[in-house]
Amino acid sequence: MKRILAVLAALILAVFALTACSDNNDSSDNDSADHDGMAMTSMPMTSMPTSMSMPSMPLGMSTPGASSMGIVISGFQYSTPESVMPGQVLTIQNNDTVEHSVTSDTAGLFNEDIEAGETETITVPNEPGTYTFHCTYHPSMHGTLTVK
């Protein structure tokens, strides 16, 4: 009788062990409510490398041939692309804490006010050339767009 009880106990322990192992190794999403309500495959966003979550180059900084970047206003200065294409829609990002403008020195070409921390767009002139602009709120701010 003792032998039957020992075999039966061993069999029950083996069943429990196999059941526990199979629950922990189950990769299906059917048990995602287990484990205190968290799916085993979830990963917090904080574990993402910063190189994946942050751009490697600030918006508007230029590299040779990078005409798709926009104008960035920061520290009461403009950063512009090396060149832009005729008729291109160009993004302007104001990273300062005050309103600025991007106003063409040639009347009527473009004039956009950009609130602090906001983004706006302008359409670049269709004719190739060099176009200077300024901020109507801060006379010391000047920039140049080269349209190629």
Side-chain angles (χ1 to χ4, degrees), residues 9-148:
L11 183 61
I12 290 172
L13 286 175
V15 169
F16 281 116
L18 289 173
T19 303
C21 288
S22 68
D23 281 347
N24 287 338
N25 292 330
D26 185 7
S27 63
S28 71
D29 290 333
N30 294 337
D31 69 338
S32 63
D34 293 345
H35 313 290
D36 297 328
M38 290 186 61
M40 294 299 290
T41 58
S42 67
M43 178 181 271
M45 291 301 290
T46 56
S47 67
M48 180 183 295
T50 56
S51 63
M52 293 178 68
S53 61
M54 299 293 293
S56 60
M57 178 179 291
L59 176 67
M61 299 304 289
S62 83
T63 57
S67 63
S68 63
M69 297 299 209
I71 298 171
V72 175
I73 303 169
S74 183
F76 288 77
Q77 294 182 355
Y78 297 107
S79 294
T80 59
E82 185 177 305
S83 65
V84 295
M85 298 180 62
Q88 177 179 339
V89 175
L90 196 61
T91 301
I92 306 164
Q93 174 66 45
N94 181 358
N95 292 337
D96 281 343
T97 58
V98 298
E99 182 177 13
H100 291 293
S101 76
V102 174
T103 305
S104 172
D105 291 345
T106 303
L109 287 182
F110 50 86
N111 181 23
E112 192 65 46
D113 291 336
I114 307 98
E115 295 289 332
E118 297 294 318
T119 301
E120 297 291 340
T121 60
I122 61 169
T123 301
V124 173
N126 287 320
E127 294 297 318
T130 301
Y131 297 90
T132 56
F133 59 91
H134 62 277
C135 176
T136 57
Y137 304 106
H138 308 99
S140 64
M141 291 178 63
H142 298 277
T144 303
L145 278 179
T146 301
V147 179
K148 290 185 178 180

Taking side-chain contact (heavy atoms from CB on, under 4.5 Å) as the test, write out the residues that go with His138, two or more places apart.
Phe76, Val98, His100, Cys135, Met141
Give the table of side-chain donor-acceptor pairs shorter than 3.5 Å for residues 103-110, with sequence neighbours excluded, one pair per line with atom names and distance.
| residue | atom | partner | partner atom | Å |
| --- | --- | --- | --- | --- |
| Thr103 | OG1 | Ser101 | OG | 3.0 |
| Thr103 | OG1 | Asn111 | OD1 | 2.6 |
| Ser104 | OG | Thr106 | N | 3.0 |
| Ser104 | OG | Thr106 | O | 2.9 |
| Asp105 | OD1 | His134 | ND1 | 2.5 |
| Asp105 | OD2 | Thr132 | OG1 | 2.6 |

Pairwise distance CG(Asp96) to CD(Gln77) - rounded to 0.5 angstrom
9.5 Å
With a 4.5 Å cut-off on side-chain heavy atoms, are Tyr131 and Val124 touching?
no
Please say which of Ile114, Thr80, Asn94 ends up in a side chain to side chain contact (heavy atoms under 4.5 Å, CB included) with Val102.
Ile114
Do you know which of Thr91, Leu145, Val89 makes side chain to side chain contact (heavy atoms under 4.5 Å, CB included) with Ile122?
Leu145
Nearest-0.5 Å distance that lies between atom CD in Glu118 and atom CD1 in Ile73:
12.0 Å
What heavy-atom pair brings Pro81 and Gly70 nearest, and what distance separates the two atoms?
CD-O, 3.6 Å
Nearest heavy atoms of Pro86 and Lys148, plus distance in Å
CD-O, 3.0 Å
Rounded to the nearest 0.5 Å, what's the gap from CG on Asp113 to CD1 on Ile92? Could you check?
10.0 Å
Measure the CD-OG1 distance between Glu112 and Thr121 for me, rounded to the nearest 0.5 Å.
6.5 Å
